[in-house]
Amino acid sequence: MPALEDSIRFVKGIGPKKAALFEKLHIRTLRDALETYPRDYEDRTAITPIADIAEDGKYAVRAVVGTEPKTTHIRKGMTLVKCTIFDESGSLPVTYFNNSYAAALLRVGQEYVFYGRVQANGHTRMLVSPQSEKVSPDAEHPGRIVPVYPLTAGLTQRDMARVTEAALDAVPGDWPDPLPEVLRARYNLPDATDALVAIHRPQSAQDVKEARRRMVFEELFLLCCGLQQLKERRKADAGLVFSDTSLADFFAALPFSPTGAQHRAIEEIATDCASGRPMNRLVQGDVGSGKTIVAAALCALAAKSGYQAAFMAPTEILAAQHAETLAPLLEKLGISCTLLTGSMNAAQKRAALAAIESGAAQVVIGTHALIQQSVTFHRLGAVVADEQHRFGVAQRAALSAKGQTPHVLVMSATPIPRTLALILYGDLDVSVLDEVPPGRQPVETYAVGENMRRRITAFIDKQIREGGQVYVVCPLVEEGEMNLKSAEQHAIDLQKALPQRRVAVLHGRMKSAEKERVMQAFAAQEYDILVATTVIEVGVDVPNANLMVVEDADRFGLSQLHQLRGRVGRGTRQSYCIFFGADKGQTARERLKILCKTNDGFEVARADLSQRGPGDFFGRRQHGLPALHVADPIADLALMQSAREEAEQILQADPTLAGYPELRARVRRMFEERDDEAFN
């Protein structure tokens, strides 16, 4: 009988080569496989007649192959195989991209259940690279619920099925359940073993629903227990007391009047810094709501009380930009600012490191370079981490460790409703900036279809002629989706259409230094158009850029589109945002309309919450929390609220979880996985 701690190498069909590929997915043992849940399910039991396929999406179709699969080589490395299938209601073209093998298995006249994505191809629709299973003559209702696991190149769903099957066989009969029985009864949840079997090998859609609900509740409950314990532990910590928290001179030095929300957040920070407990505060606000000034106030408070402040930004170009903004303001108050980045030359680095160590550098602005061993602070009292989702908890902790429990301020530009923020950031206090500074012009936003392509190209040219610059954003391309724009190809097409304009391209596969170089060149107006994937979503401030064009905008979440729109409208020039995708069906049109109606990020977030499915709101970011395998804090908000209340109740009665050994062990494991010192 296999044990859960056994290596997957001993599973039939999985040798050392495949085991090395599984390592990339962090799957080494059968237990790891058991805890790697499907990312999706294909419901191949819900058969749709061809005539009833109304819009793009995934479908299961029971149909007969009507024409012999025909292969075409369209260019080097790209093969298309086409055939036609039909049922009693109609026919449907099928196209396989680079998959001659799957098509070769099909036989004319044989009936199959096909499962795959249907997408528009001009006026017709086609089924793209479907999976197929032969239907036996006596099958009444073919198809099944098929789990879809995350993969890496070289592994197949069949490989995953093999290891999860072996893992399920290894689950002992007395498998411990971390959820107290009273909670399982109260929320009508299956026990741990039944849920595991149902999540990996469901017999019906209802199985998946019940098992997922159980897993989600368990994961959120463990998360809330851990966050609650962290918060309680931090309350007991002694923090630095800033002796001088008066702010009159800081407000007097500002070249503008702060908004009410900025005032409120700064006062909250001052109160925290005088409380004797270490501050752990999140400032979240919309693009352009003035988070940097709030961070500057913390830096000023630290310097006034004889401490240093460290301000960590995700990229060199953003760090340099923060230094340009903050240095003149802080110098008015007699506070020195020093920049430290990885690309500085040896002499510049030596000078910066010496100033940091001696304390001459009161405010240090930099990138990850700040957490390197060579950096020694004289008296670190405050830490600011910009764009929280770019920094793991471990990186924040590493920076904090360079001082004696310094005050920590985390800034996030993802505007989410306050109640959700309080749950999501359970171990942080939350300040919300929900006002935009006066004078900031709203970005005029339009959703258009492909029929407007020529007019938009002319509009791009007009904005550049008048002195502006343009961002063009393309989604990441998935293999086989021919109608999506690839950044590199689109840049070539734009250069052909506008030969007199200077076009640059930026995407995630480029090296960091190259990305930085392109962004800096664009900021310096060496290019007119920057064609990019979403790597610019959190990026440099280019006040001269006044037009954002997003290709296939229906492929992005509303909040992500709003973040992209925030890249423009930062200067005095009237700015515009154009979303292509309004011709991709009614749903796409209605979603994009929301952005045309409002520039308020909190409104957009609320609409996104009510519309988007699991995982889409934050994309794949984890905001520094332990990685969640099944739960989605947005889609599962109601369960999140219940889990939080139950965690608080249990911990009130038993703060160390001494009476719940399995629960305590699982909470520790969850938080240890995120490399956080807090539970060690």
Side-chain angles (χ1 to χ4, degrees), residues 1-41 146-152 154-181 183-184 189-202 207-208 210-223 225-226 394 622 625-631 643 657 660-676 679-680:
M1 170 98 179
L4 284 170
E5 305 317 321
D6 288 352
S7 166
I8 58 159
R9 281 181 57 179
F10 305 110
V11 174
K12 193 178 175 187
I14 307 294
K17 239 182 200 173
K18 283 201 170 162
L21 294 174
F22 272 105
E23 283 241 5
K24 291 185 182 177
L25 299 170
H26 307 292
I27 299 173
R28 296 176 187 86
T29 65
L30 293 178
R31 182 186 292 277
D32 296 334
L34 196 67
E35 292 176 358
T36 302
Y37 304 126
R39 62 176 170 78
D40 200 0
Y41 295 88
V146 179
V148 180
Y149 293 92
L151 292 178
T152 190
L155 289 181
T156 64
Q157 291 296 339
R158 199 166 169 191
D159 295 326
M160 284 297 300
R162 279 191 180 118
V163 296
T164 51
E165 201 65 56
L168 286 170
D169 287 345
V171 173
D174 55 351
W175 180 252
D177 198 322
L179 280 187
E181 205 172 321
L183 290 188
R184 295 207 305 272
L189 302 170
D191 72 26
T193 312
D194 290 348
L196 275 172
V197 172
I199 212 142
H200 287 292
R201 296 292 175 268
D207 275 4
V208 173
E210 286 177 14
R212 187 184 178 279
R213 190 167 164 273
R214 147 76 209 217
M215 295 298 196
V216 166
F217 186 88
E218 176 185 315
E219 195 165 53
L220 295 175
F221 179 67
L222 294 177
L223 176 70
C225 283
Q622 281 303 340
L625 294 173
L628 297 175
H629 300 293
V630 278
L657 298 175
Y660 304 93
E662 183 58 26
L663 173 58
R664 185 173 61 183
R666 289 290 297 278
V667 170
R668 276 186 79 94
R669 209 167 103 219
M670 181 187 229
F671 279 74
E672 280 163 4
E673 277 172 9
R674 69 175 191 168
D675 299 325
D676 191 354
F679 277 76
N680 295 337

Residue pair [X] / [Y]: nearest heavy atoms and the distance that separates them:
{"X": "Gly13", "Y": "Arg162", "value": "O-NH1, 4.3 Å"}
{"X": "Thr193", "Y": "Asp191", "value": "N-OD1, 3.1 Å"}
{"X": "Pro176", "Y": "Ala192", "value": "O-CB, 4.4 Å"}
{"X": "Thr164", "Y": "Ala33", "value": "CG2-O, 3.9 Å"}
{"X": "Arg9", "Y": "Ala19", "value": "CG-CB, 3.3 Å"}

Quiz item: Parallel, tilted or perpendicular: which fits the ring planes of Tyr149 and His200, with parallel below 30° and perpendicular above 60°?
Solution: parallel
Tell me every residue that passes side chain to side chain contact (heavy atoms under 4.5 Å, CB included) with [X], counting only those two or more places apart in sequence or in another chain.
{"X": "Tyr41", "result": "Pro38, Ile145, Pro147, Ile199, Pro202, Val208"}
{"X": "Ala198", "result": "Asp207, Ala211"}
{"X": "Arg213", "result": "Tyr187, Leu189, Leu639"}
{"X": "Thr152", "result": "Leu21, Lys24, Leu25, Leu155"}

Only counting residues at least two apart or in another chain, list the ones meeting salt bridge (Lys or Arg N to Asp or Glu O under 4.0 Å) with [X].
{"X": "Arg31", "answer": "Glu5"}
{"X": "Arg201", "answer": "Glu165"}
{"X": "Arg39", "answer": "none"}

List in chain and number order the residues that pass side-chain hydrogen bond (donor to acceptor under 3.5 Å, both in side chains) with [X], two or more places apart in sequence or in another chain; answer none if no residue qualifies.
{"X": "Gln157", "answer": "none"}
{"X": "Thr156", "answer": "Asp159"}
{"X": "Arg184", "answer": "Asp177"}
{"X": "Thr29", "answer": "Asp32"}

Quiz item: Tyr660: what forms a ring-ring contact (aromatic ring centres under 6.0 Å, His included) with it, not counting sequence neighbours?
Solution: none
Quiz prompt | Any side-chain heavy-atom pair of Leu663 and Leu222 under 4.5 Å | solution = yes
Self-check item: Side chains of Ile27 and Met160 in contact at under 4.5 Å (non-hydrogen atoms)
Solution: yes
Inter-residue atom distance [X].[atom1] - [Y].[atom2], 0.5 Å rounding:
{"X": "Arg212", "Y": "Met215", "atom1": "CZ", "atom2": "CE", "result": "11.0 Å"}
{"X": "Phe22", "Y": "Ile14", "atom1": "CZ", "atom2": "CD1", "result": "4.5 Å"}
{"X": "Leu30", "Y": "Ile8", "atom1": "CG", "atom2": "CD1", "result": "8.0 Å"}
{"X": "Glu35", "Y": "Glu219", "atom1": "CD", "atom2": "CD", "result": "10.0 Å"}

Quiz item: Are Val667 and Phe221 close enough, and set up right, to give a side chain to side chain contact (heavy atoms under 4.5 Å, CB included), and what steps lead you there?
Solution: CA-CA 9 Å; Val667 170; Phe221 179 67; over 6 Å; no
Quiz item: Is Glu210 salt-bridged to Arg214, cutoff N-O under 4.0 Å?
Solution: no
